[in-house]
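Bear in mind the structure is a predicted one, so any value in this text is a computation, not a measurement.
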Amino acid sequence: PAVPAAQPNAAAQARLDLLEEAESHFAFDEYELAIPLYERAMELDPKDVETAEQICTLYVLSDAPPEKGVIACERLLKLKPKNLAFPHQAIAELQMRKGDNQTALTSALEWARLEPQRALPRTTLAKIYVALGRNRDALAQMQEAAKLQPKDITTLAPATVPPATAQKP
């Protein structure tokens, strides 16, 4: 005789229902509606890396307060800290949105360390350096990005790096 499939307990079913509703909102780009649902599901399973990553992603995509996104992405780092570049990328982007370019720089440098063959961390570093008035450093990052991905860099360079004459000491 076949053994019936185990039924999830009430908490597990509630979590699955929350995730299903959250994914539905996510699919329709309703990020601000999806975030609290994923957060509630995360409360029911605080070690769920996939849900933590989804929450971090949503904060980057949404207009939600970046401070909350930084907290969510830091939670992801605590769950899966080894060689995980995405949370560093997300934290850098969220900190830039907040205007905290010094903290963004720290995250972007770690992201670039974890993904040395990608151009995107370099162009993000260039944007941060420009915001900090470090135009020579920005230019160096754009040059490195150009070496890594020469086809894409031509559209990014003019908007990212100002003329060298605007150099601060």
Side-chain angles (χ1 to χ4, degrees), residues 11-12 14-134 137-138 140-142 144-145 148-149 152-153 155-157 159-161:
R15 183 176 171 283
L16 291 173
D17 293 343
L18 286 167
L19 289 172
E20 185 178 326
E21 186 178 351
E23 289 165 10
S24 175
H25 287 298
F26 182 78
F28 288 102
D29 298 338
E30 296 169 335
Y31 308 134
E32 285 78 9
L33 296 174
I35 290 171
L37 296 168
Y38 278 116
E39 290 283 5
R40 289 197 343 240
M42 194 76 202
E43 289 171 11
L44 296 172
D45 184 1
K47 294 182 179 184
D48 181 3
V49 173
E50 188 176 319
T51 299
E53 189 168 5
Q54 195 72 328
I55 294 168
C56 183
T57 300
L58 283 166
Y59 275 107
V60 172
L61 296 173
S62 75
D63 293 326
E67 297 83 8
K68 290 183 177 182
V70 169
I71 292 167
C73 295
E74 287 172 345
R75 174 178 56 204
L76 175 59
L77 278 174
K78 289 176 186 170
L79 289 174
K80 191 176 177 183
K82 291 186 179 182
N83 300 322
L84 190 61
F86 171 69
H88 295 288
Q89 174 186 358
I91 291 169
E93 291 177 17
L94 291 164
Q95 294 291 12
M96 286 172 40
R97 198 181 302 166
K98 276 179 41 179
D100 185 356
N101 293 306
Q102 196 59 51
T103 304
L105 178 60
T106 302
S107 292
L109 286 168
E110 181 63 12
W111 174 27
R113 185 189 71 76
L114 291 168
E115 295 188 331
Q117 298 305 315
R118 288 194 59 212
L120 187 57
R122 307 285 180 243
T123 57
T124 300
L125 279 166
K127 290 176 188 176
I128 295 168
Y129 283 134
V130 167
L132 294 171
R134 295 173 54 182
D137 291 328
Q141 290 299 322
M142 290 305 293
E144 182 64 26
L148 293 169
Q149 204 165 1
D152 293 342
I153 208 64
T155 58
L156 295 172
T160 305
V161 181

Checklist line | Backbone of E53 reached by a side-chain donor or acceptor of T57 within 3.5 Å | finding: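 A pair under 3.5 Å: yes.
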Notebook entry, point to check: Got a salt bridge between R113 and E110, using NZ or NE/NH1/NH2 to carboxylate O under 4.0 Å?
Noted result: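 Answer for the salt bridge query: yes.
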Is there a side-chain contact between [X] and [Y] (heavy atoms, below 4.5 Å)?
{"X": "Q117", "Y": "L148", "answer": "yes"}
{"X": "F86", "Y": "C56", "answer": "yes"}
{"X": "L105", "Y": "R134", "answer": "yes"}
{"X": "T123", "Y": "Q141", "answer": "no"}
{"X": "L77", "Y": "H88", "answer": "yes"}

Minimum heavy-atom separation for [X] and [Y], please, with both atom names.
{"X": "L79", "Y": "P46", "answer": "CD2-O, 3.6 Å"}
{"X": "P121", "Y": "A112", "answer": "CB-CA, 3.7 Å"}
{"X": "R122", "Y": "P116", "answer": "NH2-O, 3.4 Å"}
{"X": "L94", "Y": "C73", "answer": "CD1-SG, 4.1 Å"}

Next item on the list: Not counting sequence neighbours, which residues clear side-chain hydrogen bond (donor to acceptor under 3.5 Å, both in side chains) with T103? List them please.
Entry: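 Once residues adjacent in sequence are excluded, the partners of T103 under the side-chain hydrogen bond (donor to acceptor under 3.5 Å, both in side chains) criterion are D100.
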How many angstroms lie between [atom1] in [X] and [atom2] in [Y], if you round to the nearest 0.5 Å?
{"X": "M42", "Y": "L18", "atom1": "CE", "atom2": "CG", "value": "13.0 Å"}
{"X": "I71", "Y": "I55", "atom1": "CD1", "atom2": "CD1", "value": "12.0 Å"}
{"X": "I91", "Y": "E74", "atom1": "CD1", "atom2": "CD", "value": "5.0 Å"}
{"X": "K47", "Y": "K78", "atom1": "NZ", "atom2": "NZ", "value": "14.0 Å"}

Next item on the list: Not counting sequence neighbours, which residues clear salt bridge (Lys or Arg N to Asp or Glu O under 4.0 Å) with D45? List them please.
Entry: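 Counting only residues at least two positions away or on another chain, D45 forms a salt bridge (Lys or Arg N to Asp or Glu O under 4.0 Å) with R15.
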Got a list of side-chain donor-acceptor pairs under 3.5 Å for residues 26-39, not counting sequence neighbours?
{"unit_1": "D29", "atom_1": "OD1", "unit_2": "Y31", "atom_2": "OH", "d": "2.9"}
{"unit_1": "E30", "atom_1": "OE1", "unit_2": "H25", "atom_2": "ND1", "d": "2.6"}
{"unit_1": "E32", "atom_1": "OE2", "unit_2": "D63", "atom_2": "N", "d": "2.8"}
{"unit_1": "Y38", "atom_1": "OH", "unit_2": "Q54", "atom_2": "NE2", "d": "3.3"}
{"unit_1": "E39", "atom_1": "OE1", "unit_2": "R75", "atom_2": "NH1", "d": "3.2"}
{"unit_1": "E39", "atom_1": "OE1", "unit_2": "R75", "atom_2": "NH2", "d": "3.1"}

Next item on the list: Begin from the C-alpha positions of L125 and W111 and carry the test side-chain contact (heavy atoms from CB on, under 4.5 Å) through to its verdict.
Entry: CA-CA 10 Å; L125 279 166; W111 174 27; over 6 Å; no
Notebook entry, point to check: Picking from E93, R97, K98, what satisfies side-chain hydrogen bond (donor to acceptor under 3.5 Å, both in side chains) with Q95?
Noted result: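 One option only clears the test, and that one is K98.
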